[in-house]
Amino acid sequence: MPRGDPLPRTGSAVDLTGQGYHGAKATNVVAELDLLAALLDSRWRITGTSIRFGLDALVGLVPVLGDAATGIVSVYIVLRARSCGARKTLVARMLGNVLLDTIVGSVPILGSFFDVYFKANNRNITLLRRRLQR
């Protein structure tokens, strides 16, 4: 795992089966989604702590528009996950994470603290990786 990397990675030899993309294409899509999720949830670290945050917490400081914008990007991640073989139940769970993050994240100031700790996009990528490893 590269230094400062917020998420554990799996090898590229993971069997990515299901509907939609397969093999190397699915691996590339998951890697792209992983980078996007890390940018949104865990790009930077607060010096002297293990607390990580991303654009979701920062942009969420802008009332209404910030959370709406990051919510749209989060839904994009879920839709791309569907193309890699995520089943309906997994997509529903991922959308639930996005909905919770968007609703609670929209509370001024406190919502940004929630975004720092909940990290819906990182959770969703972890769920997707687990599903694709089966």
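Heavy atoms only: backbone and side chains are in, while hydrogens, waters and symmetry mates are out.
M94 and L79 end up in the same hydrophobic cluster when Ile, Leu, Val, Met, Phe, Trp and Tyr side chains are linked at under 4.5 Å. Cluster membership check: V116 does not share its hydrophobic cluster with L110, using side-chain heavy-atom separations under 4.5 Å among Ile, Leu, Val, Met, Phe, Trp and Tyr. Connection of V98 to V107 is not established within any shared hydrophobic cluster, with ILVMFWY side chains joined at heavy-atom distances below 4.5 Å, either directly or through further cluster members. A continuous path of ILVMFWY side-chain contacts below 4.5 Å connects L36 to L128, so both sit in one hydrophobic cluster. Linking Ile, Leu, Val, Met, Phe, Trp and Tyr residues whenever their side-chain heavy atoms come within less than 4.5 Å places V59 and W44 in a single cluster.
The stretch residues 104-117 participates, sequence neighbours left out, in no side chain to side chain donor-acceptor pair (under 3.5 Å) pair at all.
By the 4.0 Å N-to-carboxylate-O rule, R123 lies too far from D101 to be salt-bridged with it.
Taking CG of L61 as the reference point, atom CD1 of I109 lies at 5.5 Å (rounded to 0.5 Å). The CD1 atom of I77 lies 11.5 Å from the CG atom of L95; values are rounded to the nearest 0.5 Å. For the atom pair T27 OG1 and K25 NZ, the distance stands at 11.0 Å (nearest 0.5 Å).
Residues L55 and R43 fail the side-chain proximity criterion, which asks for heavy atoms closer than 4.5 Å.
The closest donor-acceptor contact from the side chain of K119 to the backbone of R52 lies under 3.5 Å. The closest donor-acceptor contact from the side chain of R45 to the backbone of T49 lies under 3.5 Å.
When all heavy atoms of L33 and A81 are compared, the pair lying nearest together is CD1-N, 3.9 Å. Residues A86 and L90 come closest through the heavy atom pair CB-CD2, 3.7 Å. In plain terms, the two heavy atoms of R131 and R87 that are nearest each other are NH2-NE, 2.9 Å.
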Checking N97 against F118 for the side-chain contact (heavy atoms from CB on, under 4.5 Å) test, could you report, in this order, the C-alpha distance in whole Å, the side-chain angles of both residues, the deciding distance, and whether it holds?
CA-CA 9 Å; N97 286 339; F118 186 66; 3.8 Å; yes
Can I46 and F53 be said to form a side-chain contact (heavy atoms from CB on, under 4.5 Å), step by step?
CA-CA 8 Å; I46 297 174; F53 66 97; 3.8 Å; yes
Listed pairs under 3.5 Å, donor-acceptor, residues 66-76 side chains, sequence neighbours left out:
{"unit_1": "T70", "atom_1": "OG1", "unit_2": "D56", "atom_2": "OD1", "d": "3.0"}
{"unit_1": "T70", "atom_1": "OG1", "unit_2": "G66", "atom_2": "O", "d": "3.2"}
{"unit_1": "T70", "atom_1": "OG1", "unit_2": "D67", "atom_2": "O", "d": "3.3"}
{"unit_1": "S74", "atom_1": "OG", "unit_2": "T70", "atom_2": "O", "d": "2.9"}
{"unit_1": "S74", "atom_1": "OG", "unit_2": "N121", "atom_2": "OD1", "d": "2.8"}
{"unit_1": "S74", "atom_1": "OG", "unit_2": "N121", "atom_2": "ND2", "d": "3.3"}
{"unit_1": "Y76", "atom_1": "OH", "unit_2": "R80", "atom_2": "NH1", "d": "2.8"}

